[in-house]
Amino acid sequence: MEHPHKGRMTRDGIRIHEDGDFVGMHAAGELAATILDKVAPHVVPGTTTEKLDQLITDMVEAAGAKSATIGYKGYKHASCISVNHVVCHGIPGPKTLKDGDILNVDVTVIVDGWFGDTSRMYVAGKPNRKAERLIQVTHDALFKGIEQVKPGNTFGDIGYAIQKYVESNRMSVVRDFCGHGLGRVFHAPPNVLHYGRPGTNAILEEGMFFTIEPMVNLGRPETKVLADDWTAVTRDKSLSAQFEHSVGVTSDGVEIFTLSPSDMYHPTYL
Ligand code: MF3
Ligand code: CO
Ligand code: CO
């Protein structure tokens with residue numbers, strides 16, 4: 001057996017990891033976050049999303065790590081890059097970015113068998129005021145969710161905090177995609193919904209690892225997937241934003257595995 005599975009599983013099939021497993025998640029998360037830091041100066045009008053993806057491919061390789069997305073369900077790239085009204089799973093391509101475009105870059109790497117999954121928003125040039133507000137609200141919504149992460153709270157508490165914050169800002173939370181458990185696997189139970197009611201769904205326990213990755217639309221929440229079978233867009237063509245962190249539940253709260261080592265995560269960095 002290559003990886004004897006220590007730890008246990010809850011009734012909902014959520015793995016409870018051991019203390020030492022946090023070390024592996026930190027290494028994977030730090031690489032993913034460092035890669036996103038290094039992407040930032042390259043996001044300029046005139047570049048293409050496939051150039052950004054090539055940079056990411058090179059950085060994963062230079063780190064001696066593996067991309068979790070290349071070969072995943074037939075996906076061929078080291079990142080998803082979702083521009084403007086693309087909600088998630090945008091495929092890198094030859095389209096050039098223009099001034100004011102907003103984009104999410106989502107990277108998942110495997111380091112020593114552990115998965116680090118994170119995404120954040122960038123702007124090519126200068127965002128307009130609405131786009132900037134969308135990015136800020138989405139970022140802050142993720143942290144409203146993260147604030148709920150501690151033993152005894154529920155996944156419904158996380159979703160409720162995110163939904164309440166987003167809707168109080170007159171924006172909408174995407175229902176068609178969710179966060180997920182991860183660890184030595186990319187996607188595991190539970191589905192981490194970004195909406196919901198307090199006190200519902202599974203109870204958080206120390207040793208659970210999962211992502212929180214809210215997608216927020218300026219318009220309506222509905223999405224559709226394009227004919228390429230990946231690209232998800234807003235049905236009403238409104239702008240969409242997303243931030244994602246991989247986190248672990250500790251004895252009294254949360255550890256974020258994918259914090260930016262250069263503190264470049266917050267959108268006001270832009
Ligand atoms: N990183 C995405 C997530 O947050 C998954 C991308 S799968 C891919 O779960 F195949 F589209 F890359
Ligand atoms: Co994810
Ligand atoms: Co991701």
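Fair warning: this is a prediction, and the values are worked out from it, not measured in the lab. Order of listing sets the numbers, starting from 1, for every ligand and every atom in it.
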Subject >> atom 4 (O) of ligand 1 - nearest protein heavy atom and its distance >> reply: Glu213 OE1, 2.8 Å
Original post:
Around atom CD1 of Ile203, are there more than 12 heavy atoms of other residues, nucleotides or ligands at under 6.0 Å?
Top reply: no
**OP:** Decide yes or no for Glu30 and Pro261: does some side-chain heavy atom of the first lie under 4.5 Å from some side-chain heavy atom of the second?
**Re:** yes
Subject >> His187, any N or O under 3.5 Å of ligand 1 N or O >> reply: yes
Original post:
Using 4.0 Å as the upper bound for N to carboxylate O, is an ion pair formed by Arg235 and Asp176?
Top reply: no
**OP:** May I ask you to identify, for Asp117, whether its side chain, its backbone, both or neither come under 4.0 Å of ligand 1 on a heavy-atom basis?
**Re:** side chain
**OP:** Starting from atom 2 (C) of ligand 1, locate the nearest protein heavy atom and write down its residue, its atom name and how far away it is, to 0.1 Å.
**Re:** Asp106 OD2, 3.4 Å
Subject >> Residue Glu244 vicinity, atoms of ligand 1 by number, heavy atom under 4.0 Å >> reply: 4 (O)
**OP:** Run through the protein N/O/S atoms less than 2.8 Å from the Co ion (ligand 2) and write them out by chain and number.
**Re:** Asp117 OD2, His180 NE2, Glu213 OE2, Glu244 OE2
Original post:
In terms of ring plane angle, is the pair Phe186 and Phe115 parallel, tilted or perpendicular, where the classes change at 30° and 60°?
Top reply: parallel
Subject >> Distance-only side-chain donor-acceptor flag, Ser246 / Asp117, under 3.5 Å >> reply: no
Original post:
Relative to ligand 1, is Lys73 under 4.0 angstrom through side chain, backbone, both or neither, heavy atoms considered?
Top reply: neither
Subject >> Centroid separation Phe243 to His245 less than 6.0 Å >> reply: no
Original post:
Looking at ligand 1, does any of its N/O atoms fall within less than 3.5 Å of an N/O of Tyr75?
Top reply: no
Subject >> Pairwise side-chain contact, Arg15 with Phe210, heavy-atom cut-off 4.5 Å (strictly under) >> reply: no
Original post:
So, is His180 polar-close to ligand 1, with some N/O to N/O distance under 3.5 Å?
Top reply: yes
Subject >> Electrostatic pair Arg8-Glu205, nearest N-O below 4.0 angstrom >> reply: yes
Original post:
To the nearest 0.1 Å, how far is atom 5 (C) of ligand 1 from its closest protein heavy atom, and which atom is that?
Top reply: Phe186 CZ, 3.7 Å
Original post:
By number and element, which atoms of ligand 1 are closer than 4.0 Å to a non-hydrogen atom of Trp230?
Top reply: 8 (C), 10 (F), 11 (F)
**OP:** Would you mind running through ligand 1 and noting each atom that sits below 4.0 Å from a heavy atom of Thr108?
**Re:** 1 (N)
Subject >> Any N/O pair Thr69/ligand 1 closer than 3.5 Å >> reply: no
Original post:
Identify the closest protein heavy atom to atom 6 (C) of ligand 1: which residue and atom is it, and at what distance?
Top reply: Cys80 SG, 3.9 Å
Original post:
Between Thr154 and Asn201, does any side-chain donor sit less than 3.5 Å from a side-chain acceptor?
Top reply: no
Subject >> Side-chain heavy-atom pair Pro214, Tyr195 within 4.5 angstrom cut-off >> reply: no
**OP:** Using only heavy-atom distances, determine whether the side chains of His85 and Asn217 contain a donor-acceptor pair under 3.5 Å.
**Re:** no
**OP:** Could you check if a side-chain atom of Val123 sits within less than 4.5 angstrom of a side-chain atom of Val43, using non-hydrogen atoms only?
**Re:** no
